[in-house]
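Comments concern the structure below.
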Amino acid sequence: MQSVCLFYRRNRYEKNYVKNSLKSYLIIFLWGIFAGVATRLTDFFRADTLWSFSSVATLFGFWILSVAVIVLFSTSNVCAGVSTFLYMFGMTLSFYGLQYLLGFWLPRFDNDGFKTSLFLLYTCLSVGCGVGAFVLFFWERWRKLGAVLYALPVGALMAEAVGVGVHLVKNSTYLFQFLLDALAAVVLGILFYQRNACKAIYTVSVVAVTAAVYFFIYYPFL
C-alpha cells in the first residue's frame, strides 16, 4: 500500500518536479541568482525596525524553506543535491557580486573589494547544502529514518521561529522573519506529517530537533 501511495504522489506532482536535466539545472541556478539579488536588495531596509525585512538575508529560515522545497520536488537524490548546490551557489555569486557592484555608488555597501573569503566560505556551505539535500531525499525511501529526515527542516524552522519570537518580544524587531519562519514551519510541518508513515517518530523528532537547534544555536545569542 505504501508503495502504491508513493507512486501516486510522484505521478500526481510529476509536472512540477525538479528534473535531472540541463534545462532544469539552469532554471534552478537562475532562481538562485534571483534569490541572491532579492536578498541583497533587502539591505536597503533598516534592520532596527519592527518588520526588519533585511533579516531574510542574515537568518536561515528562507534558505531552509528553499532547500526543503527543492528536495520535495526533485526526482532523485542526485537531482536534489545538484539542484540545491546550484541554487545556493547562484545565490552566493549574485549576493556578493551585487554587493561589490553597488559599492561603487553606495557607501552603505562598503566596497573594499570583492568579499572573496566570504564568497569561498558560502560556496563551501553550498556544497554542504547539496550533500544535505542528497541525504534528505531519502525521506521518501526510509520509513523510521525518513520520519527523522522529514523533521529536520521543520524543527529548524520552528527553532528559529521561537528564537526570533523571543527577540521580537524583547526588541520589537524581526516581525517579518518571525511570520515567515512560523508560517513555513506550520505548512511544511503539516505536509510532512501527512506524507510519512511513522507519525509518532516524526512528531517526537520535530520536538527534539526544535529543542536542540534552539538551545545550541539561538538561545546563546538571546
Side-chain angles (χ1 to χ4, degrees), residues 2 5-6 8-10 12-18 28 31-32 34-35 38-39 55-77 79-81 83-88 91 125-126 128-166 168 174-218:
Q2 183 184 10
C5 293
L6 180 59
Y8 170 71
R9 288 200 304 266
R10 288 189 179 282
R12 184 171 54 152
Y13 297 112
E14 188 174 4
K15 292 183 179 179
N16 297 325
Y17 274 176
V18 178
I28 287 291
W31 271 111
F34 174 78
T39 51
S55 63
V56 71
T58 56
L59 295 175
F60 302 113
F62 177 73
W63 312 114
I64 295 171
L65 176 62
S66 299
V67 171
V69 170
I70 290 173
V71 176
L72 185 63
F73 289 104
S74 292
T75 54
S76 68
N77 51 351
C79 178
S83 297
T84 298
F85 164 73
L86 290 174
Y87 174 82
M88 298 300 292
M91 180 276 297
L125 290 177
S126 299
C129 288
V131 174
F134 179 92
V135 175
L136 277 180
F137 186 83
F138 286 108
W139 61 29
E140 288 280 13
R141 302 181 183 179
W142 299 333
R143 286 177 58 83
K144 295 182 179 179
L145 184 55
V148 177
L149 294 177
Y150 270 121
L152 293 178
V154 176
L157 284 168
M158 291 183 66
E160 182 166 290
V162 173
V164 173
V166 173
L168 172 64
Y174 288 5
L175 176 59
F176 173 75
Q177 189 69 37
F178 171 74
L179 294 176
L180 173 66
D181 292 341
L183 180 60
V186 170
V187 172
L188 286 184
I190 294 174
L191 175 63
F192 290 169
Y193 180 85
Q194 294 173 339
R195 288 174 66 92
N196 78 85
C198 302
K199 292 179 171 35
I201 295 178
Y202 168 77
T203 303
V204 172
S205 298
V206 168
V207 175
V209 172
T210 300
V213 173
Y214 173 75
F215 284 108
F216 283 99
I217 297 180
Y218 296 102

Output yes when a side-chain donor or acceptor of E160 lies under 3.5 Å from a complementary backbone atom of F60, and no otherwise. yes
Counting only heavy atoms from other residues, nucleotides and ligands, does the tally under 6.0 Å from NZ of K144 exceed 12? no
Name all residues meeting the ring pair (Phe, Tyr, Trp, His ring centres under 6.0 Å) criterion together with F34; count only those two or more places apart in sequence or in a different chain, and write none if there are none. W31
Closest non-hydrogen contact found for W139 with V71 is CZ2-CG1, 3.5 Å
What are the two closest heavy atoms between L157 and A185, and how far apart are they? CB-CB, 3.9 Å
Rounded to the nearest 0.5 Å, the CG atom of L191 sits from the CG atom of L72 at a distance of 6.0 Å
Nearest atoms (heavy-atom pairs only) where A156 meets V209: N-CG1, 3.9 Å
Under 4.5 Å between any side-chain heavy atoms of L149 and L152, yes or no? yes
Flag side-chain contact, heavy atom, 4.5 Å: Y174 against L59: yes
As a quick check of understanding, evaluate side-chain contact (heavy atoms from CB on, under 4.5 Å) for V67 and M88, giving each step before the final call. CA-CA 9 Å; V67 171; M88 298 300 292; 4.3 Å; yes
So do W63 and T39 actually touch side chain to side chain, heavy atoms under 4.5 Å? yes
Considering all heavy atoms, the nearest A182-A161 contact: N-CB, 4.0 Å
Separation between CD1 (I28) and CG (L86), nearest 0.5 Å, reads 8.5 Å
When rounded to the nearest 0.5 Å, the distance separating CD1 of I201 from CG of N196 is 8.5 Å
Could you work out, with ring pair (Phe, Tyr, Trp, His ring centres under 6.0 Å) as the rule, every residue matching F134, not counting sequence neighbours? F138
Contact summary for S83 and C79, nearest pair of heavy atoms: OG-O, 2.7 Å
List in chain and number order the residues that pass ring pair (Phe, Tyr, Trp, His ring centres under 6.0 Å) with F62, two or more places apart in sequence or in another chain; answer none if no residue qualifies. none
T58 (side chain) donor-acceptor with S55 (main chain) under 3.5 angstrom: yes
If you measure from OH on Y218 to OG1 on T210, what distance do you get to the nearest 0.5 Å? 11.0 Å
If you measure from OG1 on T84 to CG on L136, what distance do you get to the nearest 0.5 Å? 8.5 Å
Nearest heavy-atom contact between S205 and V148 is OG-CG2, 3.5 Å
Kindly compute the distance separating CD1 (I64) from CE (M158), expressed to the nearest 0.5 Å. 12.5 Å
Without swapping roles, check the side chain of Y202 against the backbone of G189 for a donor-acceptor pair under 3.5 Å. yes
